[in-house]
Amino acid sequence: MAAEIHYQTIATLAARLAAGELSAVELMQAVIDRTRAVDDRVRAFNSRDEADALAQAAASDARRSAGEAMGPLDGIPVALKDVIAVEGQPLTASSRMLADFVSPYDATVVKKLRQAGAVLWGRLNLDEFAMGSSTENSAFGATHNPWDLSRVPGGSSGGSAAALAAGEAIATLGSDTGGSIRQPAAFCGVVGLKPSYGLVSRYGLIAFASSLDQVGPFTRTVEDAAMLLQVLAGHDPLDSTSFTAEIPDYRAAVCAGPRSRRLGIPKEYFGAGLDPEVAAAVRAAIAFYAAQGWEIQEVSLPHTEFCLDTYYIIATAEASSNLARYDGIRYGHRSQSAGDVTELYEKSRAEGFGAEVKRRIILGTYVLSSGYYDAYYRRAQQVRTLIRSDFLRAYEQVDALLTPTSPMPAFRHGEKADPLAMYLCDIYTIGVNLAGLPAISIPGGFTQAGLPIGLQLIGRPFREAELLATARNYEQAHDWHQRRPNL
Ligand code: GLN
């Protein structure tokens, strides 16, 4: 499997760069060439700055030839979801509201990538303000799934997953509020990790629902996810919810293998609506772990049925508050036809936001309004505690949970026109965000029609090393992650 340069892993490319077999400029040029060849069909990027990326790559090569200390990602092109701030570059959240916005500063994760030597490459499409599961809600047009261009790449980080699957980056970053890293990773046949809440700084991430949002990596392998997480994780004084404990050596832990071997199967995650081919892939994975000597136990997460309702109250409430800042005055689109200041607010927001964002703002404002707060928002917070307790109780018996990532493989553009049908895509991913847990989606097979299937592994809080080791155990015995779409 001598993959083309644009399809190689971080681990391979970092070694090749270090050995002098390849320069960072050659690598960046290969990724640019590939992107030029396929992105008119995939449409993963909102914007990209080839000259800037090549200049960063040349700087990496110069550091290497001068014998300077090299970062762990030196010369590796990493593209970012267009909600992560890069100083001097556009930052749109795929919204008309921010169509002309240029970021005045770097997100903490961007600073960390720069320190690690990564080449920052382009901004990737998403559902507007990360609200959606298909990337069809982008104000700039939909992204296409590289495995079948008539289908969606998932969402909201659809551009991040599609770009990686199409060979338009070596790794990408996304954000996950209710599944937005894991579900597109599943739809596009790549690895997507949603870290524990608080492990990765949210400073410089455009806020959707602040108590749920996490930045995380999309990669081709679990080892690459460990390498990227190593760079991203860690305390940030600029994010008050950021975790303070020591960060382990993820790559070493992942390569050393899992320490425990008890896997839980939550029975509520195999209900009606689960596609039979997806269910079969998960059953095959359970059988694989059992054959490897893992102890498999059925567990129950009894409040699973309330996850979707709870999420759509909490996430919309937080969104209505976070998105209040887009008023056409401080930043964002400003209506040109307003007569007075109230009309300026109203028209700027009416023109700037798309339908799904408006739906969420209205719902979130409603659940927070006086008289309804106790009935909806407070109750949702109480149920959230019960949902988290379900997981913690399961972890008294097992060390990780195995589930489908998404109930179905990638669907066609336009297929889920009803918002509720779209929300149901998240039934297996949302509980993890409500509980603040780490979870990963890894390639777990293909349907007869050739669409990728994702397996989700959910870990204990802040035990990413163990989670990644568990995922790698499966990955090493299968070759799904080495298959490439025919583009
Ligand atoms: N699909 C979910 C939503 O629409 C989750 C989105 C996300 O994780 N950003 O809210």
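Counting starts at 1 for both ligands and their atoms, following the listed order. Throughout, numbering of the chain's residues begins at 1 and tracks the sequence.
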### Query
Applying a 4.0 Å heavy-atom criterion (strictly less than), which segment of Lys194 is in contact with ligand 1: side chain, backbone, both, or neither?
neither
### Message
Regarding ligand 1, does Ser133 bring an N or O atom to under 3.5 Å of one of the ligand's N or O atoms?
### Response
yes
## Note on the structure
For Gly179, the ligand 1 atoms with a heavy-atom partner under 4.0 Å come out as 8 (O)
### Message
With a 6.0 Å cut-off on the ring centroids, do Tyr326 and Phe101 count as close?
### Response
no
### Query
Thinking salt bridges, do Lys111 and Asp106 make one under a 4.0 Å N-O criterion?
no
### Query
Taking the six-membered ring for Trp, are Tyr373 and Tyr377 parallel (under 30°), tilted (30 to 60°) or perpendicular (over 60°)?
tilted
### Summary
the protein heavy atom lying closest to atom 2 (C) of ligand 1 turns out to be Asp426 OD2, 3.1 Å
### Message
What's the separation between atom CG in Leu232 and atom CG in Leu113, rounded to the nearest 0.5 Å?
### Response
5.5 Å
### Query
With backbone taken as N, CA, C and O and side chain as the heavy atoms from C-beta onward, which portion of Phe208 lies under 4.0 Å from ligand 1: side chain, backbone, both, or neither?
side chain
### Query
Between Asp39 and Arg48, is there a side-chain N and carboxylate O pair less than 4.0 Å apart?
yes
#### Entry: Atom of Gly167, atom of His6 and distance for their closest heavy-atom approach
O-CB, 3.3 Å
### Proximal ligand 1 atoms for Gly178, defined as those under 4.0 Å from one of its heavy atoms
5 (C), 7 (C), 8 (O)
### Message
Under the ring pair (Phe, Tyr, Trp, His ring centres under 6.0 Å) test against Trp147, which residue among Phe187, Phe446, Trp480 passes?
### Response
Phe446
### Message
Quick check on contacts: which atoms of ligand 1 are under 4.0 angstrom from a heavy atom of Gly132?
### Response
1 (N), 2 (C), 3 (C), 4 (O), 6 (C)
#### Entry: 4.5 Å side-chain heavy-atom contact, Pro258 and Glu466
yes
### Message
Treating Thr135 as the side-chain partner and Gly154 as the backbone partner, does any N or O pair qualify as donor plus acceptor under 3.5 Å?
### Response
yes
#### Entry: Thr177 contact mode with ligand 1 (heavy-atom cut-off under 4.0 Å)
both
## Note on the structure
Under 4.0 Å from one or more heavy atoms of Tyr311, ligand 1 contributes atoms 2 (C), 3 (C), 5 (C), 6 (C), 10 (O)
## Note on the structure
Under 4.0 Å between heavy atoms, the region of Ala130 that gets near ligand 1 turns out to be both
### Tyr312 near ligand 1 by a heavy-atom separation under 4.0 Å
yes
### Query
Among the heavy atoms of Arg360, does any lie under 4.0 Å from an atom of ligand 1?
yes
#### Entry: atom 6 (C) of ligand 1: nearest protein contact (heavy atom, Å)
Ser180 OG, 2.8 Å
